[in-house]
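Inspection log for the structure reproduced underneath, given as structure tokens.
Note: hydrogens, waters and symmetry copies are ignored here, and every other heavy atom, side chains too, is used. Per chain, numbering begins at 1; letters A, B, ... match sequence-line order. Everything quoted here is computed from the prediction, not taken from an experiment.
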2 protein chains.
Amino acid sequence: MKIGELSRRTGVSVRMLRYYEAEGLLAPQRTDSGYRDYGQPEEETVRRIKMLGAAGMTLETIQQLLPCVRNNDPEFTPCNNLRRILAQQVSLIDERIETLSQSRKILAGYLSSVN
Amino acid sequence: MKIGELSRRTGVSVRMLRYYEAEGLLAPQRTDSGYRDYGQPEEETVRRIKMLGAAGMTLETIQQLLPCVRNNDPEFTPCNNLRRILAQQVSLIDERIETLSQSRKILAGYLSSVN
DNA sequence: CTTGACCCTGACAGTGCTGTCAGACCCTAC
DNA sequence: GTAGGGTCTGACAGCACTGTCAGGGTCAAG
């Protein structure tokens, strides 16, 4: 399918689909006239990218993870890092939550002092 | 005092002190030769900016808040918005925390599925 | 009067996307 | 064969800072 259709099906903008490719997350075939030609696997990849992105991951991080998630066997050889990266992301999120909670406390303090 | 000293005393980089000014948060006097000349009030303002910034607020938001915090009477007339802005910021933070928690859940799910 | 530390302005870079526009080609249908 | 819609690449813009560099004044001390 062409880029417009994939965009419609996944809800990811055409712009971002091209960006994914530029960042090495996607490598669709090309038609003779140079149009990007996506298949089912690509569509699934896009959906996975969406999920991981929704989890707050950077495209760069997602790229590291993709080869692991792409097939359904997470134990696949090149994925020794999978657990490590995921765990790292979780603690990164924990850090951010901690910072925000701190901020919240400060603001709430201001707020109550204004009565 | 000159900008270098203020920077040393507050821990805010010279670059950022100039940026604060460009954004209208600070308006130091100038010496005849054009040097910025900060006084005690400015130093305190910078400390307040730091605090609010640490609470995750945008400089733009801080600017709205500054005239209220500048003096010690939070009930001062032009500050009807103070409570509103603060409350707004708090709920904004709550939103962000919520999103992150969601992300955390997704990632933790992945993580446990890898066993 | 020169040196060295400090200050000035203006501008470019980088982050991590995301939109938008320009100029040009492709394709289908009428 | 031409109109309309889709696609291509490349580039600029914006967010909210933050660092750094260039080119050029200022000032106090020796």
Provide a list of protein-nucleic acid N or O atom pairs under 3.5 angstrom, restricted to nucleotides 8-10 of chain C.
from  : atom 1 : to    : atom 2 : distance (Å)
C/dC8 : OP1    : B/R36 : N      : 2.9
C/dC8 : OP1    : B/R36 : NE     : 2.8
C/dC8 : OP2    : B/R18 : NH1    : 2.5
C/dT9 : OP1    : B/R30 : NH1    : 3.2
C/dT9 : OP1    : B/R30 : NH2    : 3.1
C/dT9 : OP2    : B/R36 : NH2    : 2.0

Next item on the list: Tell me which of B/D32 and B/L59 sits closer to the 5' end of DNA chain D, going by the nucleotide each one is nearest to.
Entry: B/L59
Notebook entry, point to check: Are A/V14 and A/Y35 joined in one hydrophobic group, where the rule is that I, L, V, M, F, W and Y side chains link up if heavy atoms are under 4.5 Å apart?
Noted result: no
Next item on the list: Please check if B/I97 and B/L86 belong to a single hydrophobic cluster, counting links between Ile, Leu, Val, Met, Phe, Trp and Tyr side chain heavy atoms closer than 4.5 Å.
Entry: yes
Item checked: side chain to side chain donor-acceptor pair (under 3.5 Å) involving A/R104 - partner list, sequence neighbours excluded ->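 With neighbours one apart ignored, the set is B/D94.
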Checklist line | A/E21: partners by side chain to side chain donor-acceptor pair (under 3.5 Å), with sequence neighbours left out | finding: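 Side chain to side chain donor-acceptor pair (under 3.5 Å) check on A/E21 returns A/R30, A/R36.
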Could you tell me how far apart [X] ([atom1]) and [N] ([atom2]) are, to the nearest whole angstrom?
| X | N | atom1 | atom2 | result |
| --- | --- | --- | --- | --- |
| A/Y20 | C/dT18 | OH | P | 7 Å |
| A/Y19 | C/dT15 | OH | P | 10 Å |
| A/L17 | C/dT18 | CG | C1' | 12 Å |

Check: Among all residues two or more places apart in sequence or in another chain, which pass the salt bridge (Lys or Arg N to Asp or Glu O under 4.0 Å) test with A/R18?
Finding: none
Next item on the list: Provide the start and end nucleotides, 5' to 3', of the part of DNA chain D that has atoms under 4.0 Å from heavy atoms of chain B.
Entry: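 So the outermost contacting nucleotides come out as D/dC17 to D/dC27.
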For the atom pair [atom1] ([X]) and [atom2] ([Y]), what is the distance rounded to the nearest 0.5 Å?
| X | Y | atom1 | atom2 | result |
| --- | --- | --- | --- | --- |
| B/L6 | B/D37 | CG | CG | 10.5 Å |
| A/I3 | A/E5 | CD1 | CD | 12.0 Å |
| A/L100 | B/L92 | CG | CG | 9.5 Å |

Check: Just checking B/T31: base, sugar-phosphate only, or nothing, at a heavy-atom cut-off of under 4.0 Å?
Finding: nothing
Specify the closest pair of heavy atoms between [X] and [Y], including all atoms of both residues, with the distance to one decimal.
| X | Y | value |
| --- | --- | --- |
| B/S103 | A/G56 | OG-N, 3.9 Å |
| A/L111 | B/R83 | O-NH1, 3.6 Å |
| A/E42 | A/G39 | OE1-N, 2.9 Å |

Check: How sharply is the helix from C/dC1-D/dG30 to C/dC30-D/dG1 bent, taking the axes over five pairs at either end and rounding to 10 degrees?
Finding: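 What I find for the helix from C/dC1-D/dG30 to C/dC30-D/dG1 is an axis angle of 30°.
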